[in-house]
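Because only heavy atoms are used, hydrogens play no part in the values below, and waters and symmetry mates are left out as well, while side chains stay in. Note that the coordinates shown come from a computational prediction; the quantities given were computed from them, not determined experimentally. Numbers here simply count residues along the sequence, with the first being 1.
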Amino acid sequence: RCGIPKRRCPVPKSGIKKEKEMRTISNQKYEITDIAHERYPWLHRIRALRQIRENVVAGDIGGFVEFEKNLDTDSDDSSWIYDNAIACGNAFVNEDSIVYGGAIVRDNAYITKKSSLSGRAVVMEDAMVQTGFVLDEAVVAGNGMVLERDGYSPIVRNGASVFGRVYGNILIDGEASVITENEVLGHLGRDTLCIKNGKRSVERLHDPRELTQKPAQRIRQASRDDAR
């Protein structure tokens with residue numbers, strides 16, 4: 001589905017090689033271990049060197065990165081990669097964002113400002129997610145942008161694809177929902193613009209953020225469920 005060359009298209013698969021000594025790292029937030037991905041051995045798990053989030057403390061093992069540049073090393077930044085999630089290539093995750101389950105961030109993708117990726121979502125090429133939610137096999141690719149506006153964050157889920165730009169209180173749901181390269185779609189206000197399998201409607205939903213955010217103590221279990 002992500003259409004990436006073999007070395008740059010990791011599809012998380014359970015299983016890791018035996019841990020060896022730590023790899024060289026130059027920050028105080030996390031270290032890159034020698035726990036290699038079973039299928040993509042150039043990817044390695046990270047380990048927290050201090051408490052990073054409420055549910056990530058020193059010694060906790062995280063997901064996979066290719067380079068230190070894939071995850072912000074700032075000691076004040078709580079961004080984290082969990083479970084079997086991957087950040088590779090020139091992708092960068094920062095500003096308190098989380099990537100968990102089997103999600104993949106690759107190429108030049110940028111995940112920032114408390115964004116959340118989960119399930120088997122893929123953000124690739126030159127795409128950016130800023131305070132957005134990409135879930136459950138959704139794809140943001142090309143120059144696609146998922147952007148917060150006026151306190152409202154888009155949700156892209158269940159196989160939906162974004163190649164254009166979406167912002168505000170929008171729910172894009174289902175494989176038949178595709179935002180094309182030149183399309184700009186924005187919606188503000190409490191009512192949610194819903195695009196479900198290509199059909200559009202405006203509905204009064206709960207705050208979209210409530211649909212995706214989980215209490216810190218539940219994220220770990222939810223991530224494990226996604227990875228199964």
Side-chain angles (χ1 to χ4, degrees), residues 1-4 8-15 37-40 43 45-46 53 55-56 61-65 70-71 79-89 91 93 96-107 109-125 127-141 144-146 148 153-163 166 170-179 192 194-197 205-206 208-228:
R1 180 172 171 77
C2 52
I4 310 168
R8 297 298 185 208
C9 184
V11 178
K13 180 180 178 181
S14 60
H37 195 286
E38 184 179 68
R39 186 173 179 184
Y40 305 100
L43 305 177
R45 286 194 182 273
I46 56 176
R53 305 179 69 90
N55 63 332
V56 180
I61 295 293
F64 295 91
V65 299
N70 296 138
L71 177 65
S79 55
W80 191 246
I81 301 169
Y82 293 85
D83 308 303
N84 290 324
I86 290 171
C88 62
V93 179
D96 309 321
S97 298
I98 56 174
V99 183
Y100 61 103
I104 299 172
V105 187
R106 51 143 303 205
D107 297 327
Y110 182 31
I111 311 301
T112 189
K113 295 187 181 298
K114 298 185 178 180
S115 293
S116 179
L117 274 62
S118 68
R120 296 181 68 83
V122 178
V123 180
M124 57 188 281
E125 298 170 342
M128 179 173 73
V129 180
Q130 180 189 77
T131 323
F133 302 92
V134 184
L135 320 168
D136 308 322
E137 299 189 353
V139 173
V140 183
M145 303 177 76
V146 176
E148 176 271 342
S153 300
I155 300 170
V156 186
R157 68 184 186 187
N158 294 330
S161 300
V162 173
F163 300 93
V166 298
I170 296 179
L171 170 64
I172 304 173
D173 192 353
E175 291 187 4
S177 298
V178 179
I179 306 302
T192 301
C194 300
I195 303 176
K196 298 181 178 179
N197 287 316
L205 302 177
H206 296 291
R209 290 165 290 191
E210 296 177 1
L211 300 178
T212 53
Q213 289 178 325
K214 305 177 180 67
Q217 63 269 24
R218 293 175 55 199
I219 288 180
R220 193 65 177 173
Q221 184 59 49
S223 309
R224 288 172 176 167
D225 292 343
D226 281 339
R228 287 172 185 161

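- Residues R53 and Y82 approach most closely at CD-OH, 3.2 Å, considering heavy atoms.
- Annotation: the span from M145 atom CE to M128 atom CE amounts to 3.0 Å, rounded to 0.5 Å.
- Between the S118 side chain and the L135 main chain, no donor and acceptor come within less than 3.5 Å of each other.
- Listed by chain and number, the residues in a side chain to side chain contact (heavy atoms under 4.5 Å, CB included) with S177 are A160, I172, I195 (sequence neighbours excluded).
- V139 and M124 get closest at one heavy-atom pair: CG1-SD, 4.4 Å.
- Side-chain contact annotation: N70 with R106, donor-acceptor N/O pair under 3.5 Å absent.
- Residues I81 and A87 approach most closely at CD1-CB, 3.6 Å, considering heavy atoms.
- L71 and S79 get closest at one heavy-atom pair: CD1-OG, 3.5 Å.
- In this structure, C88 and L43 approach most closely via the heavy-atom pair CB-CD2, 3.8 Å.
- Scanning for side chain to side chain contact (heavy atoms under 4.5 Å, CB included) contacts around N158 gives D136, D173, with sequence neighbours left out.
- Closest approach of G132 to S115, counting heavy atoms only: N-OG, 3.1 Å.
- For the atom pair CD1 (I179) and CD1 (I170), the distance works out to 7.5 Å, reported to the nearest 0.5 Å.
- Q130 CD to I111 CD1: the interatomic distance, rounded to the nearest 0.5 Å, is 11.0 Å.
- Interatomic distance, N84 CG to R45 CZ, rounded to the nearest 0.5 Å: 5.0 Å.
- Residues satisfying the side chain to side chain contact (heavy atoms under 4.5 Å, CB included) criterion with T131, sequence neighbours excluded, are K113, E148, S153.
- Applying the side chain to side chain donor-acceptor pair (under 3.5 Å) rule to S97 yields no partners; only residues at least two apart in sequence or on another chain are considered.
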